[in-house]
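Below you'll find the structure, written out as structure tokens, and then a few comments.
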Amino acid sequence: MQSLYALRRPHLPIACAPNGWGHRMNLTGKHALVTGGGGGIGAAIAIELAKAGADVTITGRSLGRLDSIARTSPRLFPVQMDVANEDSVRDGVQAAIGARGPVAICVANAGIAEGGAFARTSLATWRKTMATNLDGAFLTIQACLGSLNDGDWGRVIAISSIAGVRGLKGAVPYTVSKHGMIGLVRGLSEEYIGGNVTFNAICPGYVETDIVRNQAPVIARRMNMTEDEATAYLAKGNRHRTLLQVDEIATAALWLCDEGSRSVNGQCIQISGGQV
Ligand code: NDP
């Protein structure tokens with residue numbers, strides 16, 4: 001029997017009935033671009049988008065890392081691109097659009113996290129963090145949006161952090177850059193309001209990726225503890241005291257790409273095992 005939902009919306013196939021959205025997701029024919037797609041959260045999102053049928057451009061500085069992820073699916077396409085470099089972003093996004101068409105799903109994920117006491121933070125560290133996390137998101141989103149026509153369907157997702165909604169001790173530049181990414185999607189959601197493109201941020205707590213793995217020895221040294229203790233210390237930063245896994249972030253990103261999420265706009269989705 002046809003569901004009421006499909007009857008009310010006859011343009012949608014019966015498979016789009018609102019039960020088990022993950023199974024009905026079909027992004028075939030859509031071009032997605034994920035920065036920092038060579039590992040961690042970006043790779044997990046890219047792989048899930050490809051499983052849903054999208055052709056996914058994955059970008060990063062290390063072509064080797066991108067290539068090894070791209071080998072896992074014929075729908076993943078590596079493009080070398082440094083998000084902190086305007087020319088590189090312009091050339092990379094243009095090459096991706098030339099090969100696979102306008103970018104309908106843009107995931108600004110590339111980022112770095114360098115900790116340290118504010119008093120000893122150099123201007124170089126500050127600028128590098130802003131250039132990668134914030135300028136990188138600005139340049140990527142602007143270049144991707146430019147490929148869409150008025151009325152085209154689109155999803156822009158910025159991977160911010162819980163540091164986008166509250167201060168993180170020992171990480172002031174990171175905190176500022178991640179707050180900025182939320183401002184970016186909020187501003188864009190207002191500027192494009194009423195259209196078919198939504199702009200949202202995902203704000204994860206501590207996720208088990210290289211960023212966290214590389215922080216553990218630094219924290220261990222600074223706080224005079226073992227690396228295992230340092231990892232447990234980081235996990236305590238999540239409300240459920242458990243490190244998140246990348247599939248939890250990818251699931252949220254996929255949900256934002258669903259047709260049923262079309263009115264979720266200008267939001268900041270926190271994933272941290274509880275309230276941040
Ligand atoms: P990873 O270190 O695994 O991924 C970071 C990615 O960003 C890498 O693929 C890296 O690729 C890319 N990158 C870094 N600098 C640049 C650059 N200048 N140009 C292009 N790509 C760049 O860590 P995560 O997967 O954890 O991080 C992904 C995002 O998630 C980041 O924005 C991070 O801030 C955010 N996040 C992570 C959390 C965590 O606990 N792990 C928590 C909250 C947010 P390459 O080096 O090849 O360029």
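Positions are given from 1 along the sequence. Small disclaimer: the values here were computed from a predicted structure and weren't measured. First listed ligand is number 1; within each ligand, the first listed atom is number 1.
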Report the nearest protein non-hydrogen atom to [atom]: residue, atom name, distance rounded to 0.1 Å.
{"atom": "atom 43 (C) of ligand 1", "result": "Pro204 O, 3.3 Å"}
{"atom": "atom 26 (O) of ligand 1", "result": "Thr209 OG1, 2.5 Å"}
{"atom": "atom 27 (O) of ligand 1", "result": "Ile211 CD1, 3.6 Å"}
{"atom": "atom 39 (C) of ligand 1", "result": "Val207 N, 3.4 Å"}
{"atom": "atom 31 (C) of ligand 1", "result": "Asn109 O, 3.2 Å"}
{"atom": "atom 47 (O) of ligand 1", "result": "Ser62 N, 3.0 Å"}
{"atom": "atom 14 (C) of ligand 1", "result": "Arg61 NH2, 3.4 Å"}
{"atom": "atom 20 (C) of ligand 1", "result": "Met81 O, 3.3 Å"}

Short list, please: which atoms of ligand 1 are under 4.0 Å from a heavy atom of [X]?
{"X": "Gly111", "answer": "5 (C), 7 (O), 14 (C), 31 (C), 32 (O)"}
{"X": "Gly40", "answer": "3 (O), 25 (O)"}
{"X": "Tyr206", "answer": "40 (O)"}
{"X": "Val212", "answer": "40 (O)"}

Between [X] and [Y], is any side-chain donor less than 3.5 angstrom from a side-chain acceptor?
{"X": "Thr57", "Y": "Arg100", "result": "yes"}
{"X": "Ser177", "Y": "Asn133", "result": "yes"}
{"X": "Thr226", "Y": "Asp228", "result": "no"}

For [atom], the option (of [options]) bearing the nearest heavy atom:
{"atom": "atom 35 (C) of ligand 1", "options": "Leu66, Asn133, Ile69, Ile159", "value": "Ile159"}
{"atom": "atom 12 (C) of ligand 1", "options": "Ser88, Gly64, Ala137, Gly36", "value": "Gly36"}
{"atom": "atom 22 (C) of ligand 1", "options": "Ser160, Ala110, Cys203", "value": "Ala110"}

Is there side-chain contact between Val93 and Met81, with heavy atoms separated by less than 4.5 Å?
->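 Yes. Closest side-chain heavy atoms under 4.5 Å.
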Check if [X] has a non-hydrogen atom at a distance under 4.0 Å from any atom of ligand 1.
{"X": "Thr35", "value": "no"}
{"X": "Gly205", "value": "yes"}
{"X": "Ala44", "value": "no"}
{"X": "Ala113", "value": "no"}
{"X": "Lys178", "value": "yes"}

Can you find an N or O of [X] that's nearer than 3.5 Å to an N or O of ligand 1?
{"X": "Tyr174", "result": "yes"}
{"X": "Val83", "result": "yes"}
{"X": "Arg65", "result": "yes"}
{"X": "Ile41", "result": "yes"}
{"X": "Asp82", "result": "yes"}
{"X": "Ile112", "result": "no"}
{"X": "Thr132", "result": "no"}

Taking the side chain from [X] and the backbone from [Y], do they hold a donor-acceptor pair closer than 3.5 Å?
{"X": "Arg166", "Y": "Ala163", "answer": "no"}
{"X": "Ser147", "Y": "Leu145", "answer": "no"}
{"X": "Thr175", "Y": "Gly167", "answer": "no"}
{"X": "Ser160", "Y": "Lys178", "answer": "yes"}
{"X": "Asp135", "Y": "Thr132", "answer": "no"}
{"X": "Asn200", "Y": "Gly266", "answer": "yes"}
{"X": "Glu48", "Y": "Ile45", "answer": "no"}
{"X": "Thr140", "Y": "Ala108", "answer": "no"}

Under 4.0 angstrom from atom 4 (O) of ligand 1, is there any protein heavy atom?
->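 False for atom 4 (O) of ligand 1.
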Say you draw a straight line from CG of Leu76 to NZ of Lys51; how long is it, rounded to the nearest 0.5 Å?
->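 Taking CG in Leu76 and NZ in Lys51, the distance rounds to 10.5 Å.
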Phe199: partners by ring pair (Phe, Tyr, Trp, His ring centres under 6.0 Å), with sequence neighbours left out =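 Phe199 satisfies ring pair (Phe, Tyr, Trp, His ring centres under 6.0 Å) with Tyr192 once adjacent residues are dropped.
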Asp87 atom CG, over 12 foreign heavy atoms within 6.0 Å =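 Check passes, neighbour count above 12.
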Pairs of donor and acceptor atoms involving the side chains of residues 59-71, under 3.5 Å and at least two apart or interchain, shall be tabulated with distances.
{"unit_1": "Ser62", "atom_1": "OG", "unit_2": "Arg65", "atom_2": "N", "d": "3.2"}
{"unit_1": "Ser68", "atom_1": "OG", "unit_2": "Arg65", "atom_2": "O", "d": "3.0"}

